[in-house]
Amino acid sequence: MKIETDQGIYGLGDATLNGRELAVESYLAEHVLPCLIGRDPFQTEDIWQYLYRGAYWRGGPVTMTAIGAVDVALWDIKGKALNTPVYHLLGGSSREGVLVYTHANGADISETLDSVRKHIDEGYLAVRAQSGVPGVASSYGVSKSGKPYEPAQRGLPSESLWSTEKYLNFVPTLFEKLRVELGPEVRLLHDCHHRLTPIEGARLGKSLEPYHLFWMEDPCPAELQEGFELIRQHTTTPIATGEIFNTVWDAHDLIRNQWIDYIRMAIVHGGGITHAKKTADFAALYHVRTGFHGATDLSPVSMAAALHVGMAIHNFGIQEHMPHSALTNEVFPHGYSFVNGYMHPGDGAGLGVNIDEVLAAKHPYQRAYLPIARKLDGTLTDW
Ligand code: KDG
Ligand code: MG
């Protein structure tokens, strides 16, 4: 999304909500953008409150993504108007670079090991490892025939079959092999993608302790925040969650009770930079660090926003980095860079990302859905 000012400066925001894109577009076009005409783009706080409180109906992914898109674009404008990178406006650099992790996956343990090794050779110091599970037709996070992993597909939602029993028996053998082969240094992460119950998450965390993961992500759905207390009581494996959260209130109990170690709310789905900064500051009081969502369904604009926040806040933990396709990078030329495991947002004014609208127009929107998952007996479960 692009917001233009009467001073000739424009800002970019990302309004992508994978699988529900047009709902956000409509919310923006019909309800938000008319309210922005004539406002001072420097008033990021007041505009945020105007869009959040002023709507009366608040929260939820559509609303908060729309607010996030506007907010990020306004911070871009502010940086450009003041001729400074956004991170300078958020506290300046608290570190030399932003530690990132990327995704490795394979059909089996040996392919996954090769994939992790490949990313270590590329310079990554942290890698998320997902593998096909024997007896499970399609596991979360495993790409088909070596293609980059992108879960949303054209047509109606695809269905995959899931077995928690097979998964729980398998995952410790994966990480045992990775540790034996790769040694103690590399940071290893794993995403359970909300598929377990709390006690199953507890069992997994406990069984992974010998392989000292950097984090176990989304062991179970987080609507019931106290479910994480149960996991926490049983394991020292660090816990990350929040990629589908939209406000700090979704994580309020998780944070203040120290049931999690990393908060993953996406900058754009959580109301933008203004709300991400407040969430991070609240989390800092409870030793919770950030691990902002950074999958490829979020654009380079979101990536840049996350890097600027990650540079500035004290309780930064790690940033997810799934490199975009060459075409996406061409549509969004950007100044951020990756060197030896760390990324830097660049020192251009604003976010440091631009858009080639002519090229973008050659690739019109096509509807796609995230998959759904069913247990072996047909019961719908969390994908
Ligand atoms: O659109 C859904 C993806 O963003 C999500 O499945 C990716 O879990 C994910 C992750 O950790 O990157
Ligand atoms: Mg995830």
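Every number for a ligand or one of its atoms is a count from 1 in the order of the listing.
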(request) For atom NZ of Lys2, decide whether the heavy atoms of other residues, nucleotides or ligands shown that lie under 6.0 angstrom number more than 12. (result) yes
Under a 4.0 angstrom heavy-atom cut-off, which atoms of ligand 1 come close to [X]?
| X | value |
| --- | --- |
| Asp191 | 8 (O), 9 (C), 10 (C), 11 (O) |
| Tyr140 | 6 (O), 7 (C), 8 (O), 9 (C), 10 (C) |
| Asn18 | 1 (O) |
| His103 | 12 (O) |

(message) Looking only at the aromatic ring of each residue, does the gap between the centers of Tyr124 and Phe338 stay below 6.0 angstrom?
(response) yes
(message) Please report whether the ring centroid of Tyr101 lies less than 6.0 Å from that of His119.
(response) no
Over 60° means perpendicular and under 30° means parallel, so classify the ring planes of [Y] and [X], tilted if in between.
| X | Y | value |
| --- | --- | --- |
| His190 | Phe175 | perpendicular |
| His344 | Tyr87 | perpendicular |
| His193 | Tyr140 | parallel |

(request) Say whether Met343 and Leu298 are linked into one hydrophobic cluster, either directly or through other cluster members, by side-chain heavy-atom distances under 4.5 angstrom. (result) no
(message) If hydrophobic clusters are built by linking Ile, Leu, Val, Met, Phe, Trp and Tyr wherever their side-chain heavy atoms come under 4.5 Å apart, do Ile244 and Ile255 end up in the same one?
(response) no
Starting from [atom], what is the nearest protein heavy atom, named by residue and atom, and what distance separates them?
| atom | value |
| --- | --- |
| atom 6 (O) of ligand 1 | His193 NE2, 2.8 Å |
| atom 12 (O) of ligand 1 | Glu320 OE2, 2.4 Å |
| atom 2 (C) of ligand 1 | Asp297 OD2, 3.8 Å |
| atom 8 (O) of ligand 1 | Glu243 OE2, 2.7 Å |

(request) Check which hydrophobic residues are tied to Leu230 through side-chain heavy-atom contacts below 4.5 Å, counting indirect links as well, and list them. (result) Ile199
(message) I'd like to know whether ligand 1 has Met322 as a neighbour, heavy-atom separation below 4.0 Å.
(response) no
(request) Output yes when the distance from some N or O of ligand 1 to some N or O of Tyr101 is under 3.5 Å, and no in every other case. (result) no
(request) Would you check the N or O atoms of Trp383, main chain and side chain alike, for any that come under 3.5 Å of an N or O of ligand 1? (result) no
(message) At a cut-off of 2.8 Å, what protein N/O/S atoms sit near the Mg ion (ligand 2)?
(response) Asp191 OD2, Glu217 OE2, Glu243 OE1
(message) Heavy atoms only, cut-off 4.0 Å: how does Leu298 contact ligand 1, side chain, backbone, both, or neither?
(response) neither
(message) Please report the interatomic distance CD1(Ile318) to CG(Leu189), rounded to the nearest 0.5 Å.
(response) 5.5 Å
(message) Between Lys277 and Asp281 (salt bridge meaning N to carboxylate O under 4.0 Å), is one present in this structure?
(response) yes
(request) Could you tell me whether a side-chain N or O of Ser26 sits under 3.5 Å from a main-chain N or O of Leu22, the two making a donor and an acceptor? (result) no
